[in-house]
Student: 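So that we are looking at the same thing, I have put the structure below in C-alpha cells.
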Amino acid sequence: FLNNEPWMDFHTLQSGHGRWAMNWLMIEQAYTMKPTVPVIDLESSYPGFRHGRPPTTATDDDARRAGYWAVFAGAAGHTYGHHSIWQMHSPNHPGIAGPKAFWFEALDAPSAKQMGYLRKLIESRPFLTQRPDLSLLAFEQERPWEMCLALRGDGYVLVYTPTGRTLDIQLGKLSGVKVETSWFNPRTGAATAIGEFENKGGRRFDPPGEEQSGNDWVLVLESQ
C-alpha cells in the first residue's frame with residue numbers, strides 16, 4: 001500500500017502460523033514490486049504453536065521451510081520465532097495457547113540451530129549477487145505448498161526442495177564449461193558431493209531419502 005512513499009526503506013510482513021503458510025508467495029509479491037526494496041518475513045511458523053483451519057501444530061520442519069522459502073524467494077533475511085520463546089514461558093509464567101516447553105529449553109530446538117545452517121549457506125557465497133530464478137527449474141509445479149525455489153548468484157545456483165522431490169535442472173545458465181554439484185542438508189548443515197557435469201542441457205537430480213514433507217534439500221551447482 002505504501003510502496004512509493006519516500007520514507008519507505010524496506011518491507012516487512014507476518015506470513016502467519018499455519019503449518020502451510022506459503023510465505024514465499026508474499027515475499028515474491030513484495031520483491032517484485034517497483035521500486036524494489038528489501039523485504040523480510042518478521043513472523044512465520046513458530047514451532048509448537050497450534051493454528052489454522054483445521055488446526056495443526058507447527059513443527060521444526062515448518063519453521064525451517066519458512067526460512068528457506070523466504071530467503072530463496074528473495075528476502076533480505078529472515079526472523080525465526082518459537083511458541084515457547086516469544087512469551088518467555090517458564091515455571092513462573094503460565095503459558096498462552098499451550099506451549100510444551102519452557103523458553104530456555106526451546107533455545108535448543110532443532111529449527112533454532114538450523115537457522116544458523118541457512119545463514120552459513122547463504123553467506124558462503126557472494127550474497128549480494130543472488131537473485132531468484134525459476135527459469136532454472138525444468139519441471140511444472142502444481143502444488144504451491146510444496147514449492148521448489150532457486151537462487152542464482154555469481155558462479156553458483158542454489159535450488160531448494162521442501163520435500164526432496166526429483167529436480168530437473170536446466171544447465172547452461174551459469175558461466176563455465178562444467179558445473180560441480182552437491183547436496184546441502186538443511187537439517188544438519190552437511191554437504192555431500194554429487195559430481196561434475198557438462199554445463200549444458202537438462203539433468204535430473206534425485207535427493208536422498210523418500211519424497212515427503214520435512215525431507216528438504218538444497219542442490220548446489222558451481223561453475224568450473
Side-chain angles (χ1 to χ4, degrees), residues 1-2 9-31 38-124 127 143-147 149 160-164 184-190 209-210 212-218:
F1 297 107
L2 304 171
D9 295 319
F10 61 95
H11 287 301
T12 67
L13 58 91
Q14 176 188 348
S15 60
H17 298 292
R19 284 201 61 190
W20 295 102
M22 292 176 282
N23 63 338
W24 69 268
L25 279 170
M26 306 176 196
I27 295 294
E28 182 183 73
Q29 180 185 14
Y31 181 83
V39 56
I40 297 178
D41 185 352
L42 291 185
E43 189 169 339
S44 59
S45 295
Y46 286 2
F49 188 35
R50 188 170 175 80
H51 190 267
R53 296 176 182 171
T56 54
T57 301
T59 66
D60 290 297
D61 292 339
D62 300 323
R64 185 179 63 253
R65 180 185 60 239
Y68 278 81
W69 263 351
V71 172
F72 276 60
H78 186 67
T79 300
Y80 168 83
H82 194 287
H83 185 44
S84 295
I85 295 176
W86 74 264
Q87 57 184 294
M88 302 304 290
H89 176 47
S90 74
N92 297 323
H93 294 86
I96 299 171
K100 303 300 183 183
F102 297 132
W103 71 265
F104 45 85
E105 297 171 327
L107 291 174
D108 292 321
S111 51
K113 296 179 181 180
Q114 290 160 354
M115 291 299 107
Y117 303 151
L118 172 57
R119 176 174 179 172
K120 181 179 179 181
L121 172 67
I122 295 301
E123 293 185 349
S124 66
F127 168 60
R143 299 178 178 177
W145 56 90
E146 297 180 357
M147 188 70 176
L149 298 173
Y160 176 69
T161 166
T163 61
F184 177 84
N185 188 332
R187 297 172 300 288
T188 66
E210 298 296 323
Q212 59 185 330
S213 176
N215 186 39
D216 53 339
W217 291 90
V218 176

Student: With a 4.5 Å cut-off on side-chain heavy atoms, are P186 and L118 touching?
Tutor: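 Not in contact.
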Student: Take H78 and M115 through the side-chain contact (heavy atoms from CB on, under 4.5 Å) test and state the conclusion after the steps.
Tutor: CA-CA 9 Å; H78 186 67; M115 291 299 107; 4.1 Å; yes
Student: Do other residues, nucleotides or ligands put more than 12 heavy atoms under 6.0 Å from Q212 CD?
Tutor: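 Result for CD/Q212: enclosed.
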Student: Check R187 against Y117 and note the closest heavy-atom contact, atom names and distance.
Tutor: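 Answer, listing the atom of R187 first, then Y117: O-CE1, 3.4 Å.
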Student: Check the pair F127 / V71 against side-chain contact (heavy atoms from CB on, under 4.5 Å), numbers first and verdict last.
Tutor: CA-CA 11 Å; F127 168 60; V71 172; 5.7 Å; no
Student: How many angstroms lie between NE2 in H93 and CH2 in W103, if you round to the nearest 0.5 Å?
Tutor: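 That separation rounds to 11.0 Å.
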Student: Provide the closest heavy-atom pair for T161 versus G164 in the form atom of the first, atom of the second, distance.
Tutor: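 Heavy atoms only, the tightest pair is OG1-N, 3.0 Å.
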Student: Nearest 0.5 Å, please: how far is OG in S90 from CZ in F104?
Tutor: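 One finds 6.5 Å between CZ of F104 and OG of S90.
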Student: Output the distance between atom NZ (K100) and atom NE2 (H89), rounded to the nearest 0.5 Å.
Tutor: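 Output value for this atom pair is 9.5 Å.
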Student: How close do Q14 and D41 get, heavy atom to heavy atom, and via which atoms?
Tutor: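 Nearest heavy atoms, Q14 then D41: CA-OD1, 4.0 Å.
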Student: side-chain contact (heavy atoms from CB on, under 4.5 Å) between V39 and F10: does it pass, once the steps are laid out?
Tutor: CA-CA 6 Å; V39 56; F10 61 95; over 6 Å; no
Student: Do S84 and E105 have side chains that approach each other closer than 4.5 Å (heavy atoms only, starting at C-beta)?
Tutor: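 A side-chain contact under 4.5 Å is absent here.
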Student: If the plane angle is over 60° it's perpendicular, under 30° parallel, otherwise tilted; pick one for F49 and H17.
Tutor: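 Geometry flag for H17 against F49: perpendicular rings.
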Student: List the atom of Y80, the atom of S111, and the distance in Å for their closest heavy-atom pair.
Tutor: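 Looks like OH-OG, 2.8 Å.
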Student: Within the distance-only criterion (no hydrogens, no angle test), does the side chain of E146 pair as donor or acceptor with the backbone N or O of T163 below 3.5 angstrom?
Tutor: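 Such a contact is absent between E146 side chain and T163 backbone.
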Student: Return the CH2 to CZ distance between W24 and R65, rounded to the nearest 0.5 Å.
Tutor: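 These two atoms lie 12.5 Å from each other.
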Student: So, does H83 use its side chain to make a donor-acceptor pair with the main chain of A58 at under 3.5 Å?
Tutor: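 Between the backbone of A58 and the side chain of H83 there is no qualifying donor-acceptor contact (under 3.5 Å).
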Student: Are the side chain of H51 and the backbone of P55 linked by a donor-acceptor contact shorter than 3.5 Å?
Tutor: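 Flag not set: sc H51 to bb P55 has no pair under 3.5 Å.
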Student: Apply the side-chain contact (heavy atoms from CB on, under 4.5 Å) test between S45 and each candidate in N23, D62, T59; give the one that qualifies.
Tutor: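 Running side-chain contact (heavy atoms from CB on, under 4.5 Å) over N23, D62, T59 with S45 returns exactly one hit, D62.
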Student: Tell me if a side-chain donor or acceptor on S15 pairs with a main-chain N or O of A21 at a distance below 3.5 Å.
Tutor: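 No, the answer is negative, given that no donor and acceptor are paired below the 3.5 Å cut-off.
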Student: Just by modelled atom types, is the G214 backbone N or O under 3.5 Å from a matching donor or acceptor in the R64 side chain?
Tutor: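 Answer holds: yes.
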Student: Flag the pair Y46 / H82 as yes when their ring centroid distance falls below 6.0 Å, and as no otherwise.
Tutor: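 Here the rings of H82 and Y46 have centres that are no less than 6.0 Å from each other.
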Student: CG of L13 to OG1 of T79: how many Å apart, nearest 0.5 Å?
Tutor: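 Spacing of CG (L13) from OG1 (T79) equals 9.5 Å.
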Student: What I'd like to find out is whether the side chain of W145 reaches to under 4.5 Å of the side chain of P162, using heavy atoms alone.
Tutor: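 No. Closest side-chain heavy atoms not under 4.5 Å.
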Student: Between atom OG1 of T12 and atom CD1 of I40, what is the distance when rounded to the nearest 0.5 Å?
Tutor: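 The distance works out to 8.5 Å.
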Student: Which heavy atom in P110 sits nearest to a heavy atom in D60, and how many Å separate them?
Tutor: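 Nearest heavy atoms, P110 then D60: CD-OD2, 3.5 Å.
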Student: What heavy-atom pair brings T57 and R50 nearest, and what distance separates the two atoms?
Tutor: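 That closest heavy-atom pairing would be OG1-NH1, 3.6 Å.
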Student: Verify side-chain contact (heavy atoms from CB on, under 4.5 Å) between Y160 and W69, making sure each step is shown before the conclusion.
Tutor: CA-CA 8 Å; Y160 176 69; W69 263 351; 4.1 Å; yes
